[in-house]
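All remarks here apply to the structure that follows.
Remember, it's 1-based here, ligands and their atoms both numbered in the order they're listed.
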Amino acid sequence: MRKQVAIIGGGPSGLLLAKLLTQSDIDCIVLEKHTKEHVLSRVRAGVLEEGSVQLLEKAGVSKRLKKEGFKHNGIFLSSKNASFRINFKNLVDKCVTVYGQTEATADLYDAVERDNIVVNSASKVMPENLIAKNPTVSFTHHNQHKKISCDFVIGCDGFHGVARQQIPKACSKVFERIYPFGWLGVLSETPPVSDELIYANHKNGFALASMRNESLSRYYIQTPIEDSTENWSDQRFWDELRNRLPNKAAEELVIGNSIEKSIAPLRSFVTEPMQYGNLFLVGDAAHIVPPTGAKGLNLAFSDVHYLHEAICGFYQNDTQLLNHYSARALKRIWGAIRFSWWMTTTLHKFPEQNAFDQKIQEAELDHLKCSKNAQLNFSENYVGLPLD
Ligand code: RFL
Ligand code: PHB
């Protein structure tokens with residue numbers, strides 16, 4: 001089989017890239033290891049930057065997002081059980097859209113399925129000859145061994161995928177920070193406690209109140225890294241969440257049964273460069289941010305934007321953008337890594353944290369509460385750094 005582009009991974013980044021390439025008349029295929037149902041069962045991100053919404057619009061998959069997504073003009077931050085609001089609409093004239101990653105991925109799946117370019121349940125996916133002019137990707141589907149010859153292999157296969165592993169250690173550099181805690185996330189069919197997200201710093205640890213729609217809430221609390229969901233009955237979770245939220249929200253919290261409960265570890269990770277020969281990495285395959293800044297999916301989408309432009313340039317005999325893909329994407333990635341690290345460091349309780357460290361966090365949040373300059377800085381990062 002011959003394709004111009006072989007994309008490994010049918011998560012949000014792989015599907016968006018496939019849709020944009022197809023629109024540009026570039027012949028591509030997506031190899032996804034799991035079934036569509038499995039991909040759509042993963043509860044993940046909830047906050048889209050304006051740039052991400054515009055990309056989904058460009059791909060022609062924003063109809064439902066426009067109808068069902070919620071535009072948020074601000075967020076609340078809380079310290080010592082009292083909260084203050086940052087109005088990013090007023091400060092930087094931008095907003096974010098609350099629309100679940102699951103929904104965005106479902107919309108993308110519907111669109112690419114019409115183009116017939118996704119192979120689900122592809123196993124033993126293996127990219128080869130990556131520095132040759134025509135790399136290949138072999139895989140097994142319905143017990144048949146298959147091989148694709150292509151111009152480019154794109155690794156959109158997430159942090160645990162196979163693409164990054166093909167880059168020899170001597171050809172890349174890894175930057176990493178593993179945080180000593182995780183997030184316990186709960187999805188519940190209850191009305192959200194607040195119209196806008198609340199990020200809470202509390203002496204027991206971080207908490208986040210988010211949502212999917214008027215009757216579906218998404219909450220997180222910081223837990224020890226070695227903790228397990230078995231230790232967290234719904235009642236224990238609600239009690240601890242109530243403890244950490246600002247007082248007014250705690251009083252208004254509506255509780256119910258959880259419909260999903262999981263613990264995610266937190267890390268910052270970047271591999272450089274995001275290219276090896278004709279292999280290009282996109283999204284979580286190349287970088288991870290802790291979810292505190294709501295940046296992971298948005299970064300994956302901005303990588304897609306840069307790579308789509310670069311591949312189109314290549315087929316119009318201009319290789320400049322392709323040669324600069326990694327450097328261009330990494331500039332924005334490091335901006336988001338810095339912001340996500342700052343949010344994580346300011347809002348979480350670290351195991352070795354003493355009273356001094358707690359006071360510094362409180363002073364940091366107080367500065368943010370009182371300084372318009374600090375709020376401006378926060379806002380331009382939270383709504384998303386520009387796509388150059
Ligand atoms: P994905 O979503 O991991 O998709 C990769 C796909 O590749 C497939 N795959 C393979 N396919 C073939 N062969 C192989 N060998 C393969 N190995 C893997 C997988 O099955 C999968 O379908 O990566 P992608 O597309 O780069 O997307 C990245 C985002 O999913 C991720 O960054 C975000 O979810 C991060 N994130 C958030 N990002 C935001 O922008 N805003 C948020 O509000 C936000 N909240 C979050 C988050 C991530 C979280 N967790 C679970 C870590 C909240 C949480 C709790
Ligand atoms: C979510 O709704 O899942 C969510 C929102 C904001 C974050 C992380 C996750 O920073």
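Counting atoms of ligand 1 from 1 in the listed order, those under 4.0 Å from a heavy atom of Gly158 are 3 (O), 5 (C), 23 (O). The ligand atoms of ligand 2 that sit less than 4.0 angstrom from a heavy atom of Ala294 are 6 (C), 7 (C), 10 (O). Atoms of ligand 1 found under 4.0 Å from any heavy atom of Gly283 (numbered from 1 in listed order, with element): 26 (O). Close contacts of ligand 2 with Val47, meaning ligand atoms under 4.0 Å from a residue heavy atom, involve 5 (C), 6 (C). Residue contact check: Cys156 has heavy atoms under 4.0 Å from atoms 5 (C), 6 (C), 7 (O) of ligand 1. Using a 4.0 Å cut-off to heavy atoms of Asn298, the atoms of ligand 1 that qualify are 40 (O).
The protein non-hydrogen atom at the shortest distance from atom 36 (N) of ligand 1 is Ala45 CB, 3.7 Å. When only non-hydrogen protein atoms are considered, atom 26 (O) of ligand 1 lies nearest to Asp284 N, 3.0 Å. Protein heavy atom nearest atom 4 (O) of ligand 1, with residue, atom name and distance: Gly11 CA, 3.6 Å. Closest to atom 50 (N) of ligand 1, if we only count protein heavy atoms, is Ala264 CB, 4.2 Å. For atom 3 (O) of ligand 2, the closest non-hydrogen atom of the protein is Tyr220 OH, 2.6 Å. Regarding atom 39 (C) of ligand 1, its nearest protein heavy-atom neighbour is Leu297 N, 3.1 Å. In terms of protein heavy-atom proximity, atom 8 (C) of ligand 2 is closest to Pro291 O, 3.4 Å. Counting only heavy atoms of the protein, atom 20 (O) of ligand 1 lies nearest to Glu32 OE2, 2.7 Å. Tyr199 OH, 3.3 Å is the protein heavy atom nearest to atom 6 (C) of ligand 2.
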Which pairs would a plain distance check flag for residues 56-75, meaning a side-chain donor or acceptor within less than 3.5 Å of a matching protein atom at least two apart in sequence or in another chain?
{"unit_1": "Glu57", "atom_1": "OE2", "unit_2": "Lys66", "atom_2": "NZ", "d": "2.2"}
{"unit_1": "Arg64", "atom_1": "NE", "unit_2": "Tyr99", "atom_2": "OH", "d": "3.4"}
{"unit_1": "Arg64", "atom_1": "NE", "unit_2": "Asp107", "atom_2": "OD1", "d": "2.9"}
{"unit_1": "Arg64", "atom_1": "NH1", "unit_2": "Glu68", "atom_2": "OE1", "d": "3.2"}
{"unit_1": "Arg64", "atom_1": "NH1", "unit_2": "Glu103", "atom_2": "OE1", "d": "3.0"}
{"unit_1": "Arg64", "atom_1": "NH2", "unit_2": "Tyr99", "atom_2": "OH", "d": "3.4"}
{"unit_1": "Arg64", "atom_1": "NH2", "unit_2": "Glu103", "atom_2": "O", "d": "3.4"}
{"unit_1": "Arg64", "atom_1": "NH2", "unit_2": "Glu103", "atom_2": "OE1", "d": "2.9"}
{"unit_1": "Arg64", "atom_1": "NH2", "unit_2": "Asp107", "atom_2": "OD1", "d": "2.9"}
{"unit_1": "His72", "atom_1": "NE2", "unit_2": "Asp195", "atom_2": "O", "d": "3.4"}

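Checking only distances, Val125 never comes within under 3.5 Å of ligand 1, N or O to N or O. The distance criterion of under 3.5 Å between nitrogen or oxygen atoms is met by Ala294 with respect to ligand 1. When only interatomic distances are considered, the shortest N/O to N/O separation between Gln101 and ligand 1 falls below 3.5 Å. Taking distance alone, with nitrogen or oxygen atoms compared against 3.5 Å, Arg44 approaches ligand 1 more closely than that limit. For ligand 1, one of its N or O atoms has an N or O atom of Gly296 under 3.5 Å away. Here's the thing with Gly46: one of its N/O atoms is less than 3.5 angstrom from an N/O atom of ligand 1.
Contacts between Lys295 and ligand 1, counted as non-hydrogen atom pairs separated by less than 4.0 Å, involve the backbone only. At a 4.0 Å heavy-atom cut-off, ligand 2 touches Arg44 through the backbone alone. Contacts between Leu197 and ligand 2, counted as non-hydrogen atom pairs separated by less than 4.0 Å, involve the side chain only. With a 4.0 Å cut-off on non-hydrogen atoms, Val43 does not touch ligand 2 at all.
Which of Glu49, Lys33, Lys124, Arg218 comes nearest to atom 12 (C) of ligand 1 through a heavy atom is settled by distance: it is Lys33. Comparing heavy-atom distances from atom 2 (O) of ligand 2 across Ser210, Ala209, Gly100 singles out Ser210 as nearest. Ranked by closest heavy atom to atom 53 (C) of ligand 1, the top entry among Phe139, Phe301, Tyr220 is Tyr220. Summarising the contacts of atom 15 (N) of ligand 1 with Val47, Leu15, Val162, the nearest heavy atom is found in Val162.
Side-chain contact annotation: Ser215 with Asn213, donor-acceptor N/O pair under 3.5 Å present. Side-chain N/O atoms of Asp151 and Tyr315 include a donor and acceptor closer than 3.5 Å. Tyr220 and Tyr199 form no side-chain donor-acceptor contact under 3.5 Å, judged by distance and modelled atom types alone. Side chains of Thr344 and Thr292: a donor-acceptor N/O pair is present below 3.5 angstrom, by distance only.
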Candidate pair Ser262 and Glu260, rule side chain to side chain donor-acceptor pair (under 3.5 Å), full reasoning: CA-CA 7 Å; Ser262 53; Glu260 197 266 352; 3.1 Å; yes
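Under the ring-ring contact (aromatic ring centres under 6.0 Å, His included) criterion, Trp334 pairs with Phe175, not counting sequence neighbours.
For the pair Arg338 and Trp341, the cation-pi test (distance below 6.0 Å, angle within 45°) is failed.
Under 4.0 Å is where a charged nitrogen must lie from a carboxylate oxygen, and between Asp110 and Arg114 no such pair does.
No heavy atom of Gln101 sits closer than 4.0 Å to any atom of ligand 2.
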